[in-house]
Structure formats: structure tokens, C-alpha cells
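Residue numbering restarts at 1 for every chain, and letters A, B, ... go by the order of the sequence lines.
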Amino acid sequence: MPGPYRETDLTEKVEAFLSDLKRGGSGTGPLRGSAETARETTALLRRITAQVRWSSAGDLMEVIRKEGRRMSAAQPSETTVGNMIRRVLKIIREEYARSRGSSEEADQQESLHKLLTSGGLSEENFRQYFTALKANVIEAINELLTELEGTTDNIAMQALEHIHSNEVIMTIGRSRTVEAFLKDAARKRKFHVIVAECAPFCQGHEMATSLSKDGIETTVITDAAIFAVMSRVNKVIIGTQTVLANGGLRAVNGTHTLALAAKHHSTPLIVCAPINFLFISGEILSKVNVHCPVFDYVPPELITLFISNIGGHAPSYIYRLMSELYHPEDHEL
Amino acid sequence: NVGILIRLRADSHCHIKNEDDQWQIKEHFLTPLGSVVKRLPEHIQVDDPDVLKKLAKKLERQQIPRRLDYGYKVSLFSHLLQYSRKAPLTQQLSIPSAVIHPAIVRLGLQYSQGIVAGSNARSIALLHAFKQVISDYTTPSNEELSRDLVNKLKPYISFLNQCRPLSASMGNAIKYIKKEISNIPSQFKEDDAKKKLLNCIECFIEEKIVLAAKAIAKSSIEKINDGDVILVYGCSSLVNHILCEAFEKGRKFRVIVVDSRPRLEGREALRRLVQKGISCTYVLISAVSYILPEVSKVFLGAHALLANGYVMSRVGTSQIALVAKAFNVPVLVCCETYKFCERVQTDSFVSNELDDPDDLIVTRKGETQLKDWQQVPRLGLLNLVYDVTPPDFVDLVITDLGMIPCTSVPVVLRVKNVDLL
């Protein structure tokens, strides 16, 4: 029978993904593959939507929440998984609202009038069944996937707006987004890149070999020399693991020192991060690991600009993007 | 004979007519304000072919081999030398060398391979080697000891400079010895003169290094309270001495040792402190902003203190001072007065030392990413040794003359110069 067979196939896929997540987070380097994780998560959620039996939107959201909790538990530091789940939940809500016929504006929470008059209507339990809902949701998830596939290219396309010729750019560790960004600019402009190696994993070495093979003049420095060299740097461009709701960053170890050095020399600090890296947090996230901290918290005052696939923003704008991407009720999975 | 004519040339070498009416180039000349202007050292003018030619001629005259640059140099540092540890200068010498005393050859090798490292260690090793040289010295006939010995020392100093650029402390020690030698009265017999010189060197080591360390430890102990968490960077012999003394005096504190690649000197400091029984934590420099909230004081050592108040120290020190300032943690620098230097510098580029770039290569998870970095045309590895910390990051400098702010360094230098003249 096709039904149960597809279900076991699905469970296998989910299990494989979970074990991948668990393995992936230990020491390979947190920045690698954040975008891939996002894509895989979304593809998996699409599969779940297509194959699991559900009758109403509420059921689907329950299933996705359950799977989402398991995935987040497998690798707590990989926040893109949780983000994708929240995006999909928001998609489901929107499609449901559209099917019900209410316009999108009615769903916005900010209107005071709405707050006062909608007392009874906020008890939305998504129990109604719509035939076209499944197809709509899957189509929307497909759009999300296309967006994800294009994020790195979208960010890289903006490179020439931010890098002029004969610049000296500093970066730390290895970020796929920044690599694509710099390589795109190098096709038309000549500039110099200084890479801080980021001990103990020393991912900066890979970044440097990759950049220099593309013809970019690259220098590798140790983490201790960041401040010494900073006075000759024109811009600092970094990638990040997560962007927080207050505009701060959770990025690889050593980024806070880099940000402080840039602030001291009044060098602009630019963060390249796809929009799916936004993460919800009530209070300031403190550092994660005990012996060898893997991440650093960088406060929003030290950041000049965020470059995402939808353009550039100041750190003070991040909270607004957050409210457009995620529904407040999904903050707790 | 006070009638000296001074002629200033366009290239700013000062020519002075000496007693025989010959124009001589003087390295120093005194201005009315009493300050001394020096010629630029050659090891920071490597990009100037004229300077290189002059240096090559000088080394040939002194029969000292010249060490060649290694590897692709980052363009910002093309004015500095970059050597490889795998090609020590002694490979180009015949052993035993007729020109250079064996104690100096051994010292040069120890410097270039990093066996003797750290500014105090290097100065003490230098002075001991010079004691050996002076004991083995005999004045040739028709020569005066005060002039000939100084000339004998010049090729040795060039040799050591080629092995590894001289540190500020070594420079000051050499100046002191040269002054002592030229002040030997001509009527002294050779044995007496040698005894006097050996005594001077002993005094220098005893006063400027050993006793200074004791004085600094005594002042610093007042700054260490019970329950303190002290952060140190790398391996400074003076800071380790201070912490061990404080621990022996019964102060209760714990230490966080910060270390950085590629030298990983913090491990040596860790070993020394743990042997004494001090409880320590060890982190890499990228984790400094993570542990700083726990720290109550930062103690840093110095390679030299410059006349504009900047602290020249191991690369990474300025970073630690920066982050400590951002967290409002006091930064104390400990430095003996013999390391004070008349140079001024505002960044870490104009005068620095480039270490062997191959040190940055490392194997992680079985892969050595930078193994063939020389083949990749646009890839450079930068292994800086020193950096300068601006005085606004430093709260206090503890010296053997007392506790002074960073900006009082030129005052101390002036007082010292008046003493010497």
C-alpha cells in the first residue's frame, strides 16, 4: 500500500536528517552549511506536508511543531532549523487566512482598534478544512525554497555597491556568504583581503586558499594580530551564525574582539547574512560553550550594516523584519 | 678642540670636521635642546636598494654572511626582513669562524632558532657572551683597549643583528657597554681594565634586571588583593616573577593565562605558575571577550616602552588591552627602566619583526590547508612578532622607579640621559 510505505520512508528521512544534525554540530565549524541546513529543513517540511495525513491546518501545524521540536533538540545551536519551521508555520497561517477570505491586513497585530475589538476572534483554532490548502501551502514552500537557493547569489550581487577598488578588507574564519560576496566583487575590482585564521579550528586557512585561487590578493594573520593590522583596514566584512532580534549577532569566536577593534578605528563593520538567519530571543543570548567558547555575542552598537538578500539594513531595522517573517505565536515551538 | 664645523647635507647625514680636518659622518649630534637624532636602522629600510647595498658592503668588510629573505612578503611590510628558521646564518659560516667568537656564534644560533626568547633572557644571554669575549680578549700592540675593543664588538653585533634583529633592551645594554669601554682610562693595565669591565657588566645585570624585578614585585604586590582574578598574556618573565612572589607572600588569587598561535608561549607561563601551586585557567586569545567579565585586573609585560608613551610588546597585547578597556578592567604594564627607548612609533607597521611565515601552517583533522602556500601566487602569510599599545589603554606602568602613567616615559628618559652625560 502506498500510504504506510510513504510514511516509513518519511520517518527514515527525518531520522537521517536528525542524526546528520547531531553529528554536524560537533566541531566541523558552526558557520559551514547554515544555508544548506536551511534548505534541507525546508525540503523535509515540504515532504512532511505532502505525505503526512492531515485534515485541517491545525493538524498540520501540530505535526510540524512536533517534528520541529525534535529537530531543534538535536542541535540547539543550529538556529536556522527553528527559523525555517517558524517560516513554514507563518506560511500555513497566511494561506489559511487567504483561503478563509480575510485579507492579510486583518491579521496584523499592531492596530489598536483590532486589539480592542477582536477579543473573541483571536481564538483561531484553524479547524476548517479547505481543499486547496495543501496545494497552496506546498506552492508557498516551493517559493521559499527558491528564495533560499538564491540568497547567496542575491547577497553577492550587491557586492560591487559596497567594495571600491584598492580597498583592504578584513574578515574572520570562513563564511560561504562572504566568500561568494568577495569573489563576485573580485571579478570587476582589485582589492586586498586579510583573513584572521580563527583558532583553534583555523577555518580562515580554507577561506584564504579559496580566495587566493580566485585571484584575490590574500593575507592570513593570526588572531593576535587583529588589532595591530586594523589601522590599515578599510572595511570589515563578516558572516554570522545568527542575527538576533535586537540587531546583535551570535557569530564565531573572536568576532567580538574584531568588532571592538573596528569600532576603535572607526572602520565600518558589515555583516552578510541571509534573511533566514534572524532568530527570536527575549533576552540577550550569552556565550554558549564552557571550555572553548564557540560563539561570541556582538552587541548591535558595534555593527554598521547588515547585507541580506533583500538589500542593506541598519541594525535598528532588524526587529521590523522579524515581525514580517514570523508570527508571534510561533515564538515558542 | 672646540672648533668643530658642522655641515648638514641634503640626505640629512651630519658631517663633522674632526681634528685631522677630514669630514666624518657622525651618527649622533646634539641639538641645543639636548636631544639626540639618530640614523634610521637598516632593518626597517629593506625596500631601499641603496641601503641594502651599503649593508652588503659593510657585512663583506666585517666578513659576516648575509641572511636572505624568505617567502612572499605582504606588501604592507616590504620594508622589513622576513627570515626562515630552517636557514640559520651559521650554515654560511665556516666553523670555527676566524672572525666571530664562538660564544657569539652560539648565541646567534640560539636567537635565530628561538631557543633564547624574551627580552630579559636575550639581554642577559648577550651580556654573558660579551663577558666571555672580554675575558678572551688581548689588546694588540700599538692599539688602545678602549678603541680597539669597541671595534672588535662591531662585527659581532652585526652578526647577531643578522641572526635576529636586536631588541630595544639589547640595544640599551650594548650602548652601556660601549660607553663603559670607551671610558676606560688609557693608563689602565689590560688585566685591570678587563676586570673593571666584567664588574660593570655584572653590576648592570644585577641592578637593572635582578634588583629591578624585586622592586617591581614589591610595588605590584600592593596592587594584588585577595580574591583577585588576574589575566596575563603569553610568557613574560617579569609578570611570572611578580605572581610567584605574591603567591609566596600569601595573597589568594587565581590566574587566567591567555595564549595565541603560533608561538603558544602561554603554555610555558602556565607550567611555571602551576608548578608554584597557583590555580590557573587557559584560553586562546579569541576567547578573551568571553572570560573578561570574570577578570579583576590585567597584568602585561613589555618588550620596550617608547618615548611617546606607547607600549611595544608581543603581538596581541594591544588587543587584550582594547577589550579590557571596553569591559572597564584595569590594565597594568610591568617594565624595567632599561627597556625604555627613545624611539617613537604610532602603529605596528613602520618598525616590527616578521617571523617565519611557515609557523602559521597547521594540520587540523588531517588536512593541512596552507601546505603549498608558496605555490599559490596571491597568498601571503603574516607572522608578526610585536605590536604597539596606545597609552589610553594602559592605566598604570610599574617600573623600578615607581608607578608612573604611560605618558611619563619621556621624563624618565630625560632624567636617565642627564645621569649618563
Side-chain angles (χ1 to χ4, degrees), chain A residues 27-28 168 172-173 192-194 196-232 252-261 263-264 286-289 291-298 302, chain B residues 72 74-77 233-234 258-263 282-291 314-323 325-326 346-349 352 357 359-365 367-373 376-384 386-390 393:
Chain A
T28 30
V168 178
I172 187 168
H192 191 140
V193 176
I194 299 181
E197 66 179 6
C198 195
F201 303 117
C202 292
Q203 292 169 312
H205 293 188
E206 285 176 50
M207 178 84 155
T209 20
S210 162
L211 288 176
S212 53
K213 290 215 169 87
D214 256 31
I216 303 178
E217 188 85 33
T218 320
T219 306
V220 177
I221 61 168
T222 52
D223 297 336
I226 288 178
F227 183 74
V229 173
M230 184 59 81
S231 53
R232 291 295 172 274
V252 81
N253 205 14
T255 313
H256 189 215
T257 311
L258 182 65
L260 281 173
K263 181 102 190 170
H264 181 263
S286 57
K287 336 293 178 205
V288 178
N289 273 337
H291 305 291
C292 172
V294 186
F295 297 122
D296 261 357
Y297 168 68
V298 182
L302 300 175
Chain B
Y72 172 70
V74 177
S75 58
L76 285 168
F77 294 95
Y233 177 59
V258 179
D259 203 5
S260 76
R261 281 196 70 236
R263 285 168 168 247
Y282 177 85
V283 288
L284 282 181
I285 194 170
S286 37
V288 132
S289 47
Y290 171 68
I291 36 116
R314 183 67 79 226
V315 67
T317 309
S318 54
Q319 219 164 288
I320 304 233
L322 167 82
V323 186
K325 193 81 189 175
T346 51
D347 59 30
S348 317
F349 294 87
N352 207 328
D359 286 345
L360 289 185
I361 302 177
V362 72
T363 308
R364 291 271 183 263
K365 297 193 181 59
E367 263 186 46
T368 317
Q369 280 289 332
L370 297 176
K371 195 163 38 166
D372 302 312
W373 71 276
V376 183
R378 294 198 214 296
L379 187 58
L381 301 185
L382 187 60
N383 191 357
L384 282 179
Y386 300 118
D387 72 5
V388 283
T389 309
F393 292 161

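Taking both residues in full, the closest heavy atoms of Val315(B) and Ala228(A) are given as CG2-CB, 4.4 Å, listed atom of the first, atom of the second, then distance. Nearest approach of Val220(A) to Leu379(B), heavy atoms of both residues: CG2-CD1, 4.3 Å. Scanning all heavy atoms of the two residues, the minimum distance from Asn253(A) to Ala287(B) falls at OD1-CA, 4.0 Å.
Ranked by non-hydrogen atom pairs under 4.5 Å with chain B, the options Val168(A), Ile226(A), Ile221(A), Val193(A) are led by Ile226(A). Counting heavy-atom pairs closer than 4.5 Å to chain B, the top-ranked of the candidates Leu211(A), Thr255(A), Ile216(A) is Ile216(A). Options Ser318(B), Pro262(B), Ser260(B) differ in how many heavy-atom pairs under 4.5 Å they form with chain A, and the most are formed by Ser318(B). For chain A, the option among Val74(B), Val258(B), Leu384(B) with the highest count of heavy-atom pairs below 4.5 Å is Val74(B). Of all the listed residues (Asp372(B), Val323(B), Val388(B)), the one sharing the greatest number of non-hydrogen pairs under 4.5 Å with chain A is Val323(B).
Atom CG of residue Leu284(B) and atom SG of residue Cys198(A) lie 10.0 Å apart, to the nearest 0.5 angstrom. For the atom pair OG1 of Thr222(A) and CG of Leu382(B), the computed distance is 7.5 Å after rounding to the nearest 0.5 Å. Between the CD1 atom of Ile194(A) and the CG atom of Leu76(B) there is a distance of 6.5 Å, given to the nearest 0.5 Å. Note that the OH atom of Tyr72(B) and the CD atom of Glu217(A) stand 3.5 Å from one another [nearest 0.5 Å]. To the nearest 0.5 angstrom, Met230(A) atom CE is 12.0 Å from Ser348(B) atom OG. Thr218(A) contributes atom OG1, which lies 10.5 Å from atom CG of Leu381(B) (distance to the nearest 0.5 angstrom).
Heavy atoms of Leu258(A) lying under 4.5 Å from chain B are absent altogether. With a threshold of 4.5 angstrom between heavy atoms, Val229(A) approaches chain B through its backbone and through its side chain. Neither the backbone nor the side chain of Thr389(B) has a heavy atom closer than 4.5 Å to any heavy atom of chain A. Of the atoms belonging to Phe349(B), it is side-chain heavy atoms, and not backbone ones, that fall under 4.5 Å from chain A. Phe393(B) touches chain A through its side chain: at least one heavy atom from C-beta onward sits under 4.5 Å away, while N, CA, C and O do not. For His205(A), the parts sitting under 4.5 Å from any heavy atom of chain B are the backbone and the side chain alike.
For the pair Asp347(B) and Arg232(A), the minimum side-chain heavy-atom distance is below 4.5 Å.
A donor-acceptor pair under 3.5 Å is absent between the side-chain atoms of Arg378(B) and the main chain of Ser212(A), judged by distance alone. A side-chain donor-acceptor contact under 3.5 Å links Gln319(B) to the backbone of Asp223(A).
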Next item on the list: Take Ser289(B) and Asp296(A) through the side chain to side chain contact (heavy atoms under 4.5 Å, CB included) test and state the conclusion after the steps.
Entry: CA-CA 8 Å; Ser289(B) 47; Asp296(A) 261 357; 3.7 Å; yes
